[in-house]
Amino acid sequence: MALVLSTQFDFRKSYFLFAGIAGVNPHYATVGSVAIARYAVQVALQYEIDPRSLPQDWPTGYISYGRDFPLQYPSVLYGTEVFEVNENLRQAAFLLASKSSLKDQKGPQEYRSKYSGGGYRDTMATQAPSVVKCDIATSDVYYSGTKLAVAFENTTTLWTNGSGVYCMSAQEENATLEVMVRAAIEGLVDFARIILVRAGSNFDRPPPGLSDWEHLRRTDQNGFMIAIENLFNVGIGIVRGIVSDWNCTYQRGIEPTNYIGDIFGSLGEEPDFGFGSITEGKKISAGGYNLGLANVEMERRKGFGLRAILK
């Protein structure tokens, strides 16, 4: 926020590439793989019940705000649950990233070979690192284990109305994207110029034969160094592609044909997830949310509670 508010820079035509390491879903990628994302979903923004006290038929202890059971869409929103970025720019970044040379090492190769059995046949787990298109689940909790990973897979699917595919875990993305939405409202940045990149440094669930605890404490996944190196290789490839084609393509920008922004529709148009725009498809005016408008909209949408930081 301090950066985008600085008067020393003009970010209105700048591209932002957010990158970091991640836990990786073995069904869609492997250690060392790099994902270019369309969605970032704040999966742990929910009620949580200790799994030791759950009803026997419940698949998870996570329950969406305002609901009584798992796997129901939230009826109370904070606004940071889901962000969607420019799919056309994502595709352009993916094509640039796919030209990158990805590194691999013996240690990650040996650990990923453990995923050759059980329910991981015909998955990406045992394959060499590659560039993939799938999405990010963010959580302040460093979660590990099959049941938690599956729960957040389901959350990602549910909250994106079936169009999101969870493959990378993260902590920062939704906070950073909330800053970018607020900056875009004020005309300081172009939200259509954001690229989300994550590289898998470890699997988010164990291979067959290991418990969740054993997997979490294992230090022989050895994925950190290749994740960092591949993140750089992909990132620098995207940057060089944008710079080299600046005059012809990227200076004017790549127009999105999908919805972009947050779950409230703060930047205009109707989100393709959630309950729709709180401003009837109009961009929120500079200066922040209008409290009266939000209250009217909350009353209009019966059964839908709204919590937001209103200015």
Side-chain angles (χ1 to χ4, degrees), residues 22-23 25 27 37 39-84 134-179 181-182 198 204-206 211-213 215-216 261-266 271-278 289 291 294-295 297-310:
N25 180 344
H27 292 287
Y39 295 102
V41 182
Q42 193 175 1
V43 293
L45 193 60
Q46 303 187 66
Y47 301 129
E48 181 186 5
I49 296 176
D50 191 310
R52 291 168 293 187
S53 59
L54 289 180
Q56 289 187 352
D57 58 343
W58 280 29
T60 177
Y62 281 91
I63 307 167
S64 296
Y65 285 144
R67 297 302 188 184
D68 299 319
F69 303 98
L71 304 179
Q72 294 180 320
Y73 208 95
S75 64
V76 175
L77 297 177
Y78 284 82
T80 58
E81 285 83 358
V82 183
F83 293 92
E84 184 175 357
C134 47
D135 301 307
I136 298 169
T138 68
S139 170
D140 289 336
V141 176
Y142 188 120
Y143 61 87
S144 180
T146 300
K147 289 185 178 180
L148 283 174
V150 170
F152 292 144
E153 280 182 37
N154 292 333
T155 298
T156 300
T157 301
L158 178 67
W159 289 6
T160 60
N161 288 342
S163 55
V165 177
Y166 156 63
C167 75
M168 296 285 174
S169 65
Q171 290 182 308
E172 306 87 0
E173 237 73 338
N174 288 55
T176 309
L177 290 171
E178 174 65 14
V179 168
V181 164
R182 297 185 187 195
R198 285 277 164 174
D204 67 354
R205 67 200 80 183
S211 70
D212 292 346
W213 169 245
H215 171 71
L216 176 64
D262 63 3
I263 201 168
F264 285 163
S266 299
D272 42 8
F273 47 86
F275 291 89
S277 169
I278 67 170
Y289 292 111
L291 180 59
N295 283 337
E297 182 66 10
M298 183 169 63
E299 292 296 321
R300 188 174 74 84
R301 297 179 183 275
K302 292 183 179 180
F304 171 40
L306 176 64
R307 295 177 184 171
I309 298 174
L310 301 176

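- Contact check for Gln171 versus Ser139: no side-chain heavy atoms found under the 4.5 Å cut-off.
- A distance of 10.0 Å separates CG in Asp262 from CZ in Arg182, rounded to the nearest 0.5 Å.
- Looking at heavy atoms from C-beta onward, Phe264 lies in side-chain contact with Ile278 at the 4.5 angstrom threshold.
- Here the closest non-hydrogen pair linking Ile136 and Ala170 is CG2-CB, 3.7 Å.
- Ser75 contributes a side-chain N or O that, together with a main-chain N or O of Gly66, makes up a donor-acceptor pair within less than 3.5 Å.
- When each of Phe273, Phe275, Tyr78 is checked for a side-chain contact (heavy atoms from CB on, under 4.5 Å) with Ile263, only Phe273 meets the rule.
- Atom NE2 of His27 sits about 13.0 Å away from atom SG of Cys134, to the nearest 0.5 Å.
- Close placement of the Tyr65 and Tyr47 rings is indicated, their centers lying within 6.0 Å of each other.
- When each of Val150, Asp212, Leu216, Leu148 is tested with Arg205 by the rule side-chain contact (heavy atoms from CB on, under 4.5 Å), just one qualifies, namely Val150.
- Once rounded to the nearest 0.5 Å, the distance linking CD of Gln72 with CZ of Arg67 reads 6.0 Å.
- In this structure, Tyr62 OH and Leu71 CG are separated by 14.0 Å, a value rounded to the nearest 0.5 Å.
- The closest side-chain heavy-atom distance from Val41 to Asp135 is not below 4.5 Å.
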Verdict with supporting geometry, Asp272 and Asn161, side chain to side chain contact (heavy atoms under 4.5 Å, CB included): CA-CA 8 Å; Asp272 42 8; Asn161 288 342; 5.9 Å; no
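- Residues satisfying the side chain to side chain contact (heavy atoms under 4.5 Å, CB included) test with Leu54, not counting sequence neighbours, are Ile49, Pro51, Trp58.
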Residues Val82, Trp159; criterion side chain to side chain contact (heavy atoms under 4.5 Å, CB included); working and verdict: CA-CA 7 Å; Val82 183; Trp159 289 6; 3.9 Å; yes
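- Residues that satisfy the side-chain hydrogen bond (donor to acceptor under 3.5 Å, both in side chains) test with Ser163, not counting sequence neighbours, are Tyr39.
- For the pair Asn174 (side chain) and Thr80 (backbone), a donor-acceptor distance under 3.5 Å is present.
- Atom CZ of Phe152 sits about 10.0 Å away from atom OG1 of Thr138, to the nearest 0.5 Å.
- When all heavy atoms of Ala149 and Tyr166 are compared, the closest pair comes out as O-CE2, 4.0 Å.
- What you find for Gly164 and Thr157 is that their closest heavy atoms are O-OG1, 4.1 Å.
- No side-chain heavy atom of Ile63 sits less than 4.5 Å from a side-chain heavy atom of Phe69.
- In this structure, Gln42 CD and Asp140 CG are separated by 7.0 Å, a value rounded to the nearest 0.5 Å.
- The closest side-chain heavy-atom distance from Pro206 to Thr146 is below 4.5 Å.
- Using a 4.5 Å cut-off on side-chain heavy atoms (C-beta onward), Ser64 and Tyr73 make no contact.
- Nearest heavy-atom pair, Ser277 versus Gly265, reported as atom, atom and distance to 0.1 Å: OG-O, 4.1 Å.
- Residues Asn25 and Met168 are not in side-chain contact: their nearest non-hydrogen atoms beyond the backbone lie 4.5 Å or more apart.
- At least one donor-acceptor pair under 3.5 Å links the side chain of Glu81 to the backbone N or O of Gly79.
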Evaluation steps, side chain to side chain contact (heavy atoms under 4.5 Å, CB included), between Glu173 and Phe83: CA-CA 9 Å; Glu173 237 73 338; Phe83 293 92; over 6 Å; no
